[in-house]
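Notes for the one structure printed next.
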Amino acid sequence: MFPFHYQNLPLNVYFGKGRIRELRGILQENGYRRVLVMTTPDQQPAGERLAAELGDLAAGVYPHAVMHVPTEVAQAAVAYVREQQIDCCVALGGGSTIGLAKAVALETATPIAAVPTTYAGSEMTAVYGLTENGRKTTGKDLRVLPKVVVYDPDLTLTLPAGISAASGINAMAHAVEALYAENKNPIISMMASESVRALSRSLPAIVQNPQDEDARAQAFYGAWLAGMCLGAVGMAVHHKICHTLGGTFNLPHAQAHAIVLPYSVHYNRNADDEAMSRLAEALGIDDPQDCGMALYRLNQSLGIPMALAEIGLPEHGAQEVAQIVCDSPYYNPRPYVYDELYDLLNKAHHGLPPR
C-alpha cells in the first residue's frame with residue numbers, strides 16, 4: 001500500500017426522487033432568506049417555476065449563464081448579486097450555470113445551493129474556471145464549493161438522450177483521470193471505479209429509453225461519484241486538452257470531453273498499469289490496453305458525435321491545441337509528447353479510432 005493523503009470536502013448532499021420539493025425547507029434551515037435562481041437562457045422557464053416554488057425566498061431569476069464562464073459574464077453577475085443583496089445563489093442546470101455561480105462566490109463569498117440537471121459534476125468540486133481572451137484558466141478555492149447539492153433524478157427526465165450521453169461521458173472523464181491523478185488514493189479510486197461502472201451501464205439504457213427512471217438515478221449516482229473524484233484529486237492530460245478546446249475554440253463542453261476521452265486514455269495506456277486495470281474491470285473488458293477503444297465503441301453506441309470537426313474544431317485546431325497543451329501542461333503520468341498528441345488530436349478531429 002502506497003502512502004496517500006485524503007481530504008473529505010464539507011458537502012451537504014440530498015439525493016433521491018422528488019428531493020427538489022424539499023429545497024425551500026433546506027434553504028430556510030441554512031438561514032438563507034434572499035436567494036437568486038441562476039440558469040442558462042434556455043432554462044429560464046424552469047428557473048421561473050423553481051422560483052415560484054421557493055415563494056418569498058426567491059429574489060428572482062438570473063438567466064445569463066453561458067459555456068466556459070467568460071469573465072465579462074461573471075463580472076456582470078457579481079455586480080447584480082451585490083446590488084440585489086443576494087445571500088445564496090441557487091444554480092439550476094449544468095456546468096455553465098454552476099460555473100457562473102462559482103465565479104460569483106469567488107468574488108463575493110455568496111453561498112451556492114446547486115440543483116444539477118445534467119451529469120457535469122461541477123457541483124461536487126471547489127474547482128472554478130474562467131475564460132478571457134480565448135484562454136480558459138482554472139483554480140481551486142473552497143469559497144466556490146456549493147454548501148448544498150440536491151440531486152433529483154426527475155430533473156433529468158427531460159434531458160434529451162444525446163445530451164444525456166455526452167454529459168455522462170463527460171462525468172466519466174472525471175472518474176477516469178482520478179484513477180491516474182498525481183494525488184490519487186485508494187478511497188477515490190474505489191469511487192472512480194464505481195462511477196465508471198454505473199455510467200457505462202446506465203447511459204446505454206437512457207439512450208434506449210430516456211424515461212427509464214432507474215437508469216436516470218444510476219447515471220446521477222455515477223455522476224455524483226465522478227464529481228467527488230474531481231473535487232478530491234487533480235486533473236491530467238484529458239482535462240488540459242478539453243479546457244484548451246473550450247477556451248480557445250468555444251467548443252461545447254460535454255461533447256468535447258466525450259469525444260476526447262478515448263484518445264486521452266489511449267495516450268496513457270502504458271503510463272499507470274494499476275489505473276488501466278481498474279478501468280478495464282469497470283468497463284467490463286479483459287485487456288487494459290483496450291480501454292481507449294472500449295470507450296470509443298461506447299461513444300459509438302450512444303450516438304455521440306465522433307469527430308471534433310463535427311462540433312466546430314477548425315482544420316488547424318489539432319495542431320494549435322497540441323502546442324498549447326505542451327506549452328502549459330497539467331500533471332500527467334507520462335510526459336507530453338507533441339507528435340503523439342498531435343496525431344491523437346488529428347484522429348479525434350476526424351473521428352478515427354484512437355488505435
Side-chain angles (χ1 to χ4, degrees), residues 38-44 62-81 89 91-107 112 114 116-141 144-146 163 166-167 169-171 173-174 177 223 226-227 230-231 235-261 264 304-305 308-314 317-318 320-321 324-325 327-330 345 348-349:
M38 306 183 85
T39 71
T40 61
D42 287 346
Q43 287 197 301
Q44 182 175 356
Y62 191 84
H64 303 299
V66 295
M67 285 193 309
H68 308 304
V69 196
T71 53
E72 62 273 16
V73 173
Q75 289 164 0
V78 166
Y80 186 87
V81 166
C89 290
L92 174 69
S96 298
T97 303
I98 295 167
L100 181 58
K102 286 182 171 185
V104 171
L106 188 65
E107 290 294 321
I112 301 169
T117 60
T118 73
Y119 308 123
S122 175
E123 66 278 356
M124 300 307 296
T125 81
V127 178
Y128 64 89
L130 293 164
T131 300
E132 185 173 17
N133 298 325
R135 292 290 184 269
K136 186 171 185 176
T137 58
T138 63
K140 277 190 174 183
D141 194 306
V144 311
L145 184 70
I163 297 175
S167 181
I169 299 297
N170 171 29
H174 308 328
E177 290 227 305
L230 181 65
M235 295 174 280
V237 64
H238 172 82
H239 281 82
K240 179 60 186 181
I241 290 172
C242 292
H243 289 165
T244 303
L245 288 168
T248 305
F249 296 103
N250 200 37
L251 299 193
H253 181 88
Q255 289 84 350
H257 273 271
I259 292 170
V260 169
L261 184 59
S264 54
I304 289 170
L308 291 173
E310 290 183 57
I311 61 170
L313 188 69
E320 185 172 345
V321 171
I324 293 171
V325 167
D327 287 345
S328 56
Y330 294 172
L345 283 164
H349 184 263

Residues that H257 engages under ring-ring contact (aromatic ring centres under 6.0 Å, His included), provided they are two or more places apart:
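For H257, the residues satisfying ring-ring contact (aromatic ring centres under 6.0 Å, His included) (neighbours in sequence not counted) are H238, H239, H253.
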Donor-acceptor contacts under 3.5 Å from residues 128-135 side chains, at least two apart:
from, atom 1, to, atom 2, distance (Å)
T131, OG1, H68, O, 2.8
R135, NH1, T248, OG1, 3.3

For D42, all residues meeting salt bridge (Lys or Arg N to Asp or Glu O under 4.0 Å), sequence neighbours excluded
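With neighbours one apart ignored, the set is empty.
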Which heavy atom of [X] sits nearest to which heavy atom of [Y], and what is that distance?
X: L100; Y: A74; result: CD1-CA, 3.8 Å
X: A120; Y: N170; result: CA-ND2, 4.0 Å
X: G312; Y: L251; result: C-CD2, 3.6 Å
X: P305; Y: I311; result: CB-CG2, 4.2 Å
X: S122; Y: G95; result: CB-CA, 4.5 Å
X: A126; Y: L145; result: N-CD1, 3.8 Å

All side-chain hydrogen bond (donor to acceptor under 3.5 Å, both in side chains) counterparts of [X], not counting sequence neighbours:
X: T40; value: none
X: T244; value: none
X: T137; value: none

Residues that [X] engages under side chain to side chain contact (heavy atoms under 4.5 Å, CB included), provided they are two or more places apart:
X: P314; value: F249, H316
X: T39; value: V37, Q43, Q44, V61, P63, L92
X: A223; value: Y119, A171
X: I163; value: L159, P160

Can you list the steps and then say if M235 with H243 is a side chain to side chain contact (heavy atoms under 4.5 Å, CB included)?
CA-CA 11 Å; M235 295 174 280; H243 289 165; 3.8 Å; yes
Please check: side-chain N/O of K102 versus main-chain N/O of T125, any donor-acceptor pairing under 3.5 Å?
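Yes, because the side chain of K102 sits within donor-acceptor range (under 3.5 Å) of the backbone of T125.
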Just verifying a value: how many Å separate [X] [atom1] and [Y] [atom2], rounded to the nearest 0.5 Å?
X: L261; Y: C242; atom1: CG; atom2: SG; value: 8.0 Å
X: H174; Y: I169; atom1: NE2; atom2: CD1; value: 11.5 Å
X: Q255; Y: L245; atom1: CD; atom2: CG; value: 12.0 Å
X: E123; Y: T118; atom1: CD; atom2: OG1; value: 7.0 Å
X: I98; Y: I112; atom1: CD1; atom2: CD1; value: 8.5 Å

I want to check something: taking the side chain as every heavy atom from C-beta on, are T138 and Y330 in contact at a cut-off of under 4.5 Å?
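Yes; the side chains approach each other to less than 4.5 Å.
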Flag side-chain contact, heavy atom, 4.5 Å: L308 against V260:
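Touching, per the 4.5 Å side-chain cut-off.
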Under a 3.5 Å threshold, yes or no: a donor from one side chain and an acceptor from the other, between H64 and Y80?
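Distance-only check fails for H64 and Y80.
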Test applied, side-chain contact (heavy atoms from CB on, under 4.5 Å); reference residue, L345; option that passes from L313, V325, V321:
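In the set L313, V325, V321, the residue that makes a side-chain contact (heavy atoms from CB on, under 4.5 Å) with L345 is V321.
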Set out, in order, the CA-CA distance, both residues' side-chain angles and the distance that settles side chain to side chain contact (heavy atoms under 4.5 Å, CB included) for E177 and V237, then state yes or no.
CA-CA 8 Å; E177 290 227 305; V237 64; 4.2 Å; yes
